[in-house]
There are 2 protein chains.
Amino acid sequence: MPQRILDVAERLIQTRGFNGFSYADVSAAVGITKASLHYHFPSKGDLGLSLIRRYQHSFGDALDSLSASGRDTRAMLRGYVELYGSVLRKNRMCLCGMLAAEQSTLPVPMQRALRAFFDSNERWLVGVLEAGQRTGALRLRGSARDDARLLVAALEGALLVARSYDDAGRFEAAAARILDAIEAVDGRPGSARRAREPGRPSVT
Amino acid sequence: MPQRILDVAERLIQTRGFNGFSYADVSAAVGITKASLHYHFPSKGDLGLSLIRRYQHSFGDALDSLSASGRDTRAMLRGYVELYGSVLRKNRMCLCGMLAAEQSTLPVPMQRALRAFFDSNERWLVGVLEAGQRTGALRLRGSARDDARLLVAALEGALLVARSYDDAGRFEAAAARILDAIEAVDGRPGSARRAREPGRPSVT
DNA sequence: GTCTATAGGTGGATAGAC
DNA sequence: GTCTATCCACCTATAGAC
């Protein structure tokens with residue numbers, strides 16, 4: 001039952017924001033009363049915190065299996081981008097991107113968990129980028145850390161804007177272009193092809 | 001008086017979101033009652049719509065003076081980035097970026113105005129990028145439209161994330177890196193220097 | 001675990017006096 | 001234009017029975 005509650009609340013936050021949904025909304029969708037919701041998650045902040053943690057774990061699991069897949073650097077980066085793409089295709093915003101917008105209205109524990117999510121994304125990306133640089137697959141222009149941060153920011157922003165237009169193409173184009181910029185090896189541009197591979201691991 | 005109301009409401013939305021502020025908040029900050037607020041803006045949607053329109057005009061004016069300034073292409077792009085930087089330094093999110101996150105909870109007229117804002121930004125950027133391409137200042141890898149969209153998305157996302165960390169440096173680094181990627185002329189990277197010019201036009 | 005009932009507060013919005 | 005007073009729907013949260 002806690003999982004069903006989390007599923008519904010997650011969808012509501014990703015589409016409407018933390019201040020745009022209520023226990024009544026969850027109650028109606030799950031089919032139990034508001035009071036029962038409070039049994040599982042005493043306060044809205046508790047619910048939000050559980051949600052961020054679950055999201056980070058599920059994202060982290062997807063990144064782990066990418067790391068373990070033996071793909072090369074560029075394929076892993078495309079896999080990372082595809083995690084965001086799968087979110088957009090459900091007409092949702094990234095949970096943590098949405099919460100980042102509402103940051104100042106959130107309980108402090110949620111604010112901390114939010115940063116932890118972005119930190120772990122950055123760590124994974126830095127690892128991939130530095131490995132790519134060692135093997136010669138990539139020649140970065142700046143620091144791996146700055147490239148990782150730019151990629152996260154660009155993907156969050158691309159989700160944000162694409163959703164306003166209900167246009168996944170906007171996201172795909174921006175994602176392809178930013179990957180190209182990061183992957184570019186000096187004079188030789190990275191592959192200009194649109195990242196188009198089926199069957200990537202998906203995250204809710 | 002309408003202007004003071006708009007100023008306060010704008011700040012509240014840029015920091016807390018459309019669903020994170022109330023007429024009571026505006027009332028307390030402006031010093032008139034909620035009922036008087038309703039005289040100027042009958043519904044919250046009316047207030048929000050006026051806000052987007054004012055924001056777009058003020059942004060548009062800043063872009064017009066950039067266009068009229070005789071600066072070269074790269075300086076105009078840095079000026080565009082600086083518009084977002086000035087927002088972050090007030091610890092705010094872009095008004096329209098914030099509203100884009102809450103998009104699905106907004107009245108339809110606000111949703112339309114939101115897209116109009118992004119459209120006009122894109123038009124201005126496409127003009128600048130294509131002019132730069134004609135003069136040879138830029139050699140774009142893809143279409144000017146896609147680069148314009150990527151720049152907007154990356155800046156919105158950089159604001160979103162940087163605000164979670166209360167760290168303007170994150171925004172500056174991402175902005176410098178994305179400009180570099182767009183400005184890169186084949187083998188020769190764009191200027192790697194941090195965009196650091198004082199006295200840019202500012203937007204609220 | 002789930003329910004009914006309800007507390008105590010805040011939301012956006014209106015009526016009507018001044 | 002601004003006020004007081006008020007409406008009522010909705011909010012988060014709790015008490016206590018089953």
Side-chain angles (χ1 to χ4, degrees), chain A residues 1-54 95 98-99 101-111 113-114, chain B residues 1-54 95 98-99 101-111 113-114:
Chain A
M1 178 53 55
Q3 288 302 317
R4 287 184 56 208
I5 296 170
L6 290 170
D7 289 342
V8 167
E10 185 176 78
R11 190 194 77 231
L12 288 168
I13 295 181
Q14 287 185 277
T15 50
R16 305 178 51 87
F18 192 74
N19 296 319
F21 89 104
S22 72
Y23 269 42
D25 298 325
V26 181
S27 166
V30 175
I32 68 175
T33 61
K34 289 187 289 169
S36 301
L37 258 23
H38 281 285
Y39 169 81
H40 296 284
F41 303 96
S43 79
K44 208 184 174 187
D46 295 325
L47 176 55
L49 188 56
S50 298
L51 238 16
I52 299 177
R53 288 183 175 147
R54 190 181 73 149
L95 178 74
M98 180 66 85
L99 293 174
E102 301 175 290
Q103 177 237 357
S104 71
T105 71
L106 303 177
V108 169
M110 286 184 68
Q111 297 183 8
L114 215 50
Chain B
M1 177 54 53
Q3 289 301 319
R4 286 183 55 207
I5 296 170
L6 290 170
D7 289 342
V8 167
E10 185 175 79
R11 190 194 74 229
L12 287 168
I13 295 180
Q14 287 185 276
T15 50
R16 304 177 51 86
F18 192 72
N19 296 320
F21 89 104
S22 72
Y23 269 42
D25 297 326
V26 181
S27 165
V30 174
I32 68 176
T33 62
K34 288 191 292 170
S36 301
L37 256 24
H38 281 285
Y39 169 80
H40 296 285
F41 303 97
S43 80
K44 207 183 175 187
D46 295 325
L47 175 56
L49 189 56
S50 298
L51 237 18
I52 299 177
R53 288 183 174 146
R54 190 180 74 149
L95 178 75
M98 179 67 84
L99 294 174
E102 302 175 291
Q103 179 237 357
S104 71
T105 71
L106 303 177
V108 170
M110 285 184 68
Q111 297 183 8
L114 215 50

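Letters A, B, ... are given to chains in the order of the sequence lines, protein chains preceding strands, and every chain is numbered from 1. In this text the structure is predicted, and so the values were computed from the model without any measurement.
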Over all strands shown, is A:Tyr39 touching base, sugar-phosphate only, or nothing at heavy-atom distances under 4.0 angstrom? base
Does A:Phe41 reach a base, just sugar-phosphate, or nothing at all? Heavy atoms under 4.0 Å. nothing
Where the side chain of B:Lys34 is concerned, which of C:dC3, D:dA13, C:dA13 is the nearest nucleotide? C:dA13
Rounded to whole Å, CZ of A:Arg4 lies from P of C:dG1 at a distance of 14 Å
Do A:Glu10 side-chain atoms and A:Leu51 backbone N/O form a donor-acceptor pair below 3.5 Å? no
Starting at atom CE of A:Met1, determine the distance to atom C1' of C:dC3, rounded to an integer number of angstrom. 14 Å
Answer whether the closest heavy-atom distance between the side chains of B:Ser27 and B:Leu37 falls below 4.5 Å. yes
Rounded to whole Å, CG of A:Asp25 lies from C1' of D:dA9 at a distance of 14 Å
By nearest atom, which of the nucleotides D:dC11, C:dG12, C:dT4 is closest to the B:Tyr23 side chain? C:dG12
Taking only side-chain nitrogens and oxygens of A:His40, does any of them come within less than 4.0 Å of OP1 or OP2 of C:dT2? yes
What is the distance from CG of B:Asn19 to P of C:dT10, rounded to the nearest Å? 18 Å
Strictly distance-based, threshold 3.5 Å: is any side-chain N or O of A:Gln111 a donor or acceptor partner for the main-chain N or O of A:Leu106? yes
With rounding to the nearest 0.5 Å, note down the distance linking CG in B:Leu47 to CD1 in B:Ile5. 8.0 Å
Whether A:Thr33 contacts C:dC3 is assessed here as follows: a side-chain N or O lying under 4.0 Å from the phosphate OP1 or OP2. Is that the case? yes
Rounded interatomic separation in angstrom, taking CG from A:Leu37 and C1' from D:dT14: 14 Å
d(B:Phe21 CZ, B:Thr15 OG1) to nearest 0.5 Å is 10.0 Å
On the nucleotide C:dG1, are OP1 or OP2 found under 4.0 Å from the side-chain N or O atoms that A:Ser36 carries? no
Return the nearest nucleotide to the side chain of A:Ser22; candidates are C:dG12, C:dT2, D:dT12. D:dT12
Between atom NE2 in A:His38 and atom P in C:dA5, what is the gap in whole Å? 17 Å
Measure the distance from CG on A:Leu47 to C1' on D:dC11 and round it to the nearest whole Å. 15 Å
In terms of side-chain heavy atoms of A:Lys44, which of C:dG11, C:dA13, D:dA13 is nearest? D:dA13
Among D:dT4, D:dT2, C:dG11, the one nearest B:Ala35 by side-chain distance: D:dT4
